[in-house]
Amino acid sequence: MDEKKLTPKAENYSEWYNQLVQRAEMADYAPVRGCMVVRPYGWSLWENIQAALDSRFKATGHVNAAFPLFIPMSFLEKEKEHVEGFSPELAVVTIGGGSELEEPLIVRPTSETIIGYMYSKWIQSYRDLPVLINQWGNVVRWEMRTRLFLRTLEFYWQEGHTAHATAEEAEAETLQMLDIYTDFARNEAAVPVIPGRKSESEKFAGAVRSYTIEAMMGDKKALQAGTSHNLGQNFAKAFDIQYLDETNTLQHCWTTSWGLSTRFIGAIIMTHGDDQGLVLPPRLAPIQVVIVPIFRKDEEKDLVMAAVERVKGELSAFRVKVDDRMEVTPGFKFNEWELRGVPLRLEIGPKDVANNSVALARRDIPGREGKSFVPQDGIADTVAAMLTTIQANMLEKATQFRDANIHEPQDYEAFKQVIAEDGWCYVWWKANAENEAQIKEDTKATLRCIPIDQPGGKGRCIFSGEETTEKAYFAKAY
RNA sequence: CGGGGUGUAGCGCAGACGGCCAGCGCGCCGCGUUUGGGACGCGGAGGUCGGCGGUUCAAGUCCGCCCACCCCGACCA
């Protein structure tokens, strides 16, 4: 880690990722296998993600609450598919306060069960519906293989849990939340995700239907960046979540759940990062603008710092950091803030003081091309416009990269070739779990999603040749 | 859980056949000179060599067992 340069992406992508996460001080390995410490810089990014999502949740009528970390083992067992899906990865507490527990507690891997239990107590009438609750918290899943942010034993997320009177309402809620995730990913994180439906074999354990937003990382692997599930009446029946309708008939509720986790930080890193380091989207970046003062002598310092303070004052609408450390050179600071992905850097030196200018360097365009000199007058407007431009450019670049790597092979041989070269395949697909498994065995690619946006018309399934009306994306995934 | 790899200073590493005060680079601390793309000089601090046991006059070094972590596969947000 003492080498100045990161391992280039092209040389070893996962090495690049691991070094970057640690050197940018996003996260570090904890003393427990598979666990991470989210460092202040990484957590600050997460807080901005939280704020962007939370405001969208609130705007659509959701409220926050907190449910317990521990769940009675028996709760999980009430929903057959759910317990089968999660049993292998549970952390179980058998001793508390020094003595064996009568019933083991699991550390929540997700909270459908305990929230379902509570909903059955709270919901009695159609007048109580819908219930629209979200929780910000942490969960534990005992994974075999872990990566910082992408898959850790413990991770942070939000999980929304709603209960509705009708199937239609539940489906509408599920899709609404998928839309919110899609909007967040594109417009806040500049991550061009593809919203779609999961196949039967890829869906959440206990769901009727699962939806996902799929993103393409810099190595072209797919990442499930958020999910929204229509749980039908599965959990309502398992936990007796019932209400009396207008005609005094007892009905089971229809429930949903949806989540987005700190994995999304990994998505941001791997969507935008380059060989210099992180590239953070302006709307989420913990620091949007870093100001680096440059001077030699004391009299220069006074003049420069006065200009720096004045400019900083103008930029009060932004998240600004003045790097006034004396012990490192400006060149070192440039590299360091580029590693940390700050979208915009301002340099102010004696020449700028003389010219009433500042040097602007945008992170999304490395090197001299991304550098320009602008007047100090009107700097707030200049910065605002530049941040907007950077945000838009990042989405544009990521979208171009994604689209350039999505292919439409016409037969299975061509399909295999695309996957072998790590591309994504967008193909006609006739749902069939066995064929899907065969493709996975042949190519290691999985069905990422059946996109919401469908071209219409009919075609022949890439694998079976049967006529079908839907297209799907296949790719290797994280 | 299968395969591979690594544990020596905060980080990255070197330590042929066992041998005396365990080294190097980066980082860190002090002083001085520097500062528009990863500065330099001088002087410092910092080590149960992953753990336990064994062989030996003598063990980072040889042997055994254990532990941890990383990478690659099967499962997952």
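Every chain is numbered from 1, with letters handed out A, B, ... down the list of sequences. Not measured: the values here are computed from a predicted model.
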Sugar-phosphate, base or nothing in reach of A:Leu150, heavy atoms under 4.0 Å: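 Contact class for A:Leu150: base.
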Touch class at under 4.0 angstrom, heavy-atom based, for A:Lys351 against every strand present: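 Base, at least one base heavy atom under 4.0 Å.
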Whole-angstrom distance between B:G4 and B:A45, as gauged at atom P: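 Rounded to whole Å, the distance is 44 Å.
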Rounded distance in Å between the C1' positions of B:C21 and B:C17: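 Pairwise C1' distance, B:C21 against B:C17, rounds to 23 Å.
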Whether A:Phe155 stacks on the six-membered ring of B:A77 base, 5.5 Å and 30° limits: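 A stacking contact exists, since A:Phe155 sits close and nearly parallel to the base ring of B:A77.
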Backbone N/O of A:Ala52 and side chain of A:Ser55: donor-acceptor pair under 3.5 Å: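 Side chain of A:Ser55 to backbone of A:Ala52, a donor-acceptor pair under 3.5 Å: yes, one is there.
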Examine the base of [N] for any acceptor or donor lying under 3.5 Å from a partner atom in the side chain of [X], and report the outcome as yes or no.
X        : N     : value
A:Glu338 : B:G37 : yes
A:Arg345 : B:G37 : yes
A:Lys371 : B:G36 : no

A:Phe57 CZ: over 12 foreign heavy atoms closer than 6.0 Å: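 More than 12 within 6.0 Å, yes.
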Aromatic ring pairing A:Tyr13/A:Trp16, orientation class (parallel under 30°, perpendicular over 60°, tilted between):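 The arrangement is tilted - the two ring planes meet at 30° to 60°.
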Every protein N/O lying under 3.5 Å from an N/O of nucleotides 71-73 of chain B:
residue: B:C71; atom: OP1; partner: A:Asn18; partner atom: ND2; Å: 3.0
residue: B:C72; atom: OP2; partner: A:Arg145; partner atom: NH2; Å: 2.1
residue: B:G73; atom: OP2; partner: A:Arg145; partner atom: NH1; Å: 3.3

Over-ring placement of A:Lys78 relative to A:Phe75, 6.0 Å and 45° cut-offs: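 Yes, A:Lys78 and A:Phe75 form such a contact.
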